[in-house]
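This report refers to the structure that appears directly beneath it.
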Amino acid sequence: MARQSDAPQEFEIAVASAIAAPEAFGASFDAMPSAEALELGIGLEGDPAIAFRRTLGMFATGVTVLTTRTGETVHGMTANAFMSVSLQPPLVLVSIDRRARMSNMLHEGTRLGVNVLEAAQKVLSDHFAGRPLEGGVEPRFELVHDTPLVEGALAHLVVRVVRSYWGGDHSLFLGQVEYAHYGEGEPLLFHGGRYERLVRDPRVFSMLPQELLEPILALGEEREYADGATIMRRGEPGSELMLVVEGTVQVERPGRSLTLGPGDLVGEIEVLDPVGARIADITAVGPVRGVVVTREKLIAALEADPRAAVGLVEVLAARFRETA
Ligand code: FAD
């Protein structure tokens with residue numbers, strides 16, 4: 001199989017025209033475009049194949065490890081070319097390099113695990129991309145529907161390959177989803193050829209030293225909520241910060257649910273954002289007593305003691321520096 005010789009290794013690309021139909025595959029999507037047909041926009045120079053790949057790399061994705069089993073042998077590979085196709089019936093699609101070992105292991109009827117990696121699983125992504133860390137990880141699998149799934153992944157799917165398509169240098173596998181599960185956590189992201197992560201830690205005021213936080217809370221007013229009462233509602237403007245003094249609150253947002261208690265703050269980001277809406281529903285679990293600080297009071301407190309404002313800027317700057 002021909003490869004580009006002067007490109008860096010990560011940009012090696014198989015030449016489509018040299019590839020014949022693989023065995024036991026479905027329809028071809030081969031349009032056979034020639035490399036010269038790809039026009040680069042202003043400012044992009046050099047090898048069109050590399051520029052094309054870099055352009056595709058602007059599409060930010062999560063990272064999955066695909067897993068399958070042949071007899072007693074478990075095989076995994078990292079893939080970000082994964083997409084949902086249909087909710088009813090539940091269908092997903094993966095695109096796999098025809099040179100990858102995985103490509104030869106999948107046929108119509110084969111079961112495939114799709115493991116969505118969590119932010120801390122960068123090492124596993126490298127491992128299953130054939131770049132194992134020296135003395136690195138020993139991946140662990142659990143079996144569901146006879147399919148190996150990577151332990152600790154953020155989400156798991158078991159799919160049965162129902163169609164396969166070939167063309168160019170990748171093959172497409174359409175899978176019917178037989179099992180789905182997700183847990184709590186942040187996803188590992190991939191963008192521009194590097195790993196990224198979401199910065200979603202909602203703690204801002206909680207990170208301030210006590211002597212700077214206390215004068216802010218001292219301007220708040222006490223409120224009581226009955227069991228089941230809505231304290232804050234998703235989509236509404238967020239103009240208040242609340243310290244939980246007594247009781248428990250439940251924070252619910254898509255893909256995430258957590259319980260907070262005395263000493264915890266809620267609405268930390270929204271109170272600093274005059275236009276954004278709340279991203280979570282917050283409900284009282286049993287009777288709750290809290291101290292609520294409005295945005296106006298908060299601004300007054302920051303004007304009274306600029307050290308607190310500087311402290312907040314420092315916390316936010318540290319958040320932006322956080323990358324995988
Ligand atoms: P190999 O290269 O032989 O194996 C992959 C690695 O996994 C090896 O290090 C192997 O030791 C290890 N491994 C496999 N099974 C086990 C096991 N049971 N226990 C322990 N270790 C095991 N390629 C695509 O075709 N499509 C994509 O969408 C895609 N996306 C990618 C996204 C990212 C972020 C990265 C980093 C790579 C991506 N790749 C993609 C490249 C792909 O992951 C590599 O080319 C990979 O090496 C192909 O795997 P393979 O099936 O050829 O198996």
Side-chain angles (χ1 to χ4, degrees), residues 1 3-4 7-14 16 19 22 25 29 49 52-85 92-107 110-144 146-154 156-157 159 161 164-175 187-197 323-324:
M1 187 178 301
R3 287 182 177 187
Q4 303 247 337
Q9 196 204 338
E10 75 263 35
F11 290 111
E12 280 185 1
I13 293 166
I19 305 172
F25 263 69
F29 57 85
F52 175 49
R53 188 152 172 171
R54 288 197 171 129
T55 306
L56 296 179
M58 291 300 106
F59 183 59
T61 66
V63 181
T64 74
V65 170
L66 306 177
T67 40
T68 195
R69 192 163 78 133
T70 315
E72 288 312 299
T73 309
V74 169
H75 182 69
M77 76 161 261
T78 303
N80 66 339
F82 162 77
M83 66 180 279
S84 57
V85 172
V92 297
L93 186 81
V94 293
S95 170
I96 301 181
D97 191 319
R98 287 169 57 186
R99 294 167 299 175
R101 284 178 59 206
M102 179 63 90
S103 179
N104 297 317
M105 294 176 156
L106 298 183
H107 306 281
T110 312
R111 281 207 179 98
L112 175 71
V114 180
N115 307 268
V116 178
L117 295 187
E118 204 263 337
Q121 291 181 313
K122 196 172 81 167
V123 176
L124 273 183
S125 171
D126 281 338
H127 177 92
F128 284 108
R131 306 189 295 227
L133 208 66
E134 222 169 284
V137 284
E138 191 53 54
R140 291 158 61 96
F141 304 96
E142 53 183 305
L143 273 189
V144 175
D146 241 13
T147 309
L149 295 176
V150 176
E151 280 189 5
L154 185 57
H156 288 129
L157 298 168
V159 310
V161 175
S164 53
Y165 306 91
W166 66 277
D169 48 31
H170 278 56
S171 294
L172 303 179
F173 297 90
L174 182 72
L188 179 64
L189 302 181
F190 196 65
H191 176 244
R194 48 177 285 184
Y195 297 111
E196 304 278 358
R197 63 189 298 174
T323 52

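Start at 1 and go down the list; that is how both ligands and their atoms are numbered. Only heavy atoms go into these numbers, but all of them, side chains included; no hydrogens, no water, no symmetry mates. For this chain, numbers begin at 1 and follow the sequence in order.
Closest heavy-atom approach to atom 47 (O) of ligand 1 within the set Gly62, Ala81, Ala129, Gly76: this belongs to Ala129. Checking Val65, Val63, Val74 against atom 17 (C) of ligand 1, the nearest heavy atom belongs to Val74. Which of Gly57, Ala79, Ser103, Gly130 comes nearest to atom 2 (O) of ligand 1 through a heavy atom is settled by distance: it is Gly130.
In terms of protein heavy atoms, atom 16 (C) of ligand 1 is closest to Phe128 CE2, 3.7 Å. Closest protein heavy atom to atom 52 (O) of ligand 1: Arg101 N, 2.8 Å. The nearest protein atom to atom 40 (C) of ligand 1, hydrogens excluded, is given as Thr78 O, 3.3 Å; this is a heavy-atom distance.
Surrounding CZ of Phe82 are more than 12 heavy atoms belonging to other residues, nucleotides or ligands, all under 6.0 Å away.
Checked by distance only, ligand 1 and Ser125 stay at 3.5 Å or farther apart across all their nitrogen or oxygen atoms. Inclusion of Arg99 in the set of residues having an N or O under 3.5 Å from an N or O of ligand 1 is not warranted. For a threshold of 3.5 Å applied to N or O pairs, the pair formed by Met102 and ligand 1 contains at least one separation below that value. In terms of polar-atom proximity, His127 is counted as a contact of ligand 1, with an N or O under 3.5 Å from an N or O of the ligand. By the 3.5 Å distance cut-off applied to N or O atoms, His75 is counted among the residues near ligand 1. The shortest N/O to N/O separation between Pro132 and ligand 1 does not fall below 3.5 Å.
By the 4.5 Å heavy-atom criterion applied to side chains, Thr70 and His75 are not counted as neighbours. Proximity of Arg69 to Leu143: side-chain heavy atoms (C-beta onward) are separated by under 4.5 Å at one or more points. Side-chain contact between Thr110 and Met105 is absent, with no heavy atoms from C-beta onward closer than 4.5 Å. The shortest side-chain heavy-atom distance between His156 and Val144 does not fall under the 4.5 Å cut-off. You'll find the side chain of Asp97 reaches within 4.5 Å of the side chain of His170, heavy atoms only. With contacts defined as side-chain heavy-atom distances shorter than 4.5 Å, the pair Leu66/Val114 qualifies. Side-chain contact check for Ser125 versus Leu188: some heavy-atom pair is nearer than 4.5 Å. Proximity of Leu124 to Asn115: side-chain heavy atoms (C-beta onward) are nowhere separated by under 4.5 Å.
Of the protein's heavy atoms, at least one falls inside 4.0 Å of atom 24 (C) of ligand 1. Put simply, atom 49 (O) of ligand 1 has protein non-hydrogen atoms near it, under 4.0 Å away.
Residue contacts with ligand 1 for Phe190 involve side-chain atoms from C-beta outward but no N, CA, C or O (heavy atoms, distance under 4.0 Å). Contact annotation: for Ser95 versus ligand 1, heavy atoms closer than 4.0 Å belong to the backbone alone.
The backbone N or O of Leu149 lies less than 3.5 Å from no partner atom in the side chain of Thr67, so there is not a single donor-acceptor pair. Counting only distance, with no hydrogens or angles, the side chain of His127 and the backbone of Leu133 share no donor-acceptor pair below 3.5 Å.
One finds a salt bridge joining Glu196 and Arg194 here, because a Lys/Arg side-chain nitrogen approaches an Asp/Glu carboxylate oxygen to under 4.0 Å.
The atoms of ligand 1 that sit less than 4.0 Å from any heavy atom of Asp97 are 24 (C), 25 (O). Close contacts between ligand 1 and Pro139 involve ligand atoms 20 (C) [criterion: under 4.0 Å to a heavy atom].
The closest approach between Arg131 and ligand 1 falls below 4.0 Å for a heavy atom of the residue. Assignment of Phe141 to the shell around ligand 1 is supported, since a heavy atom sits closer than 4.0 Å.
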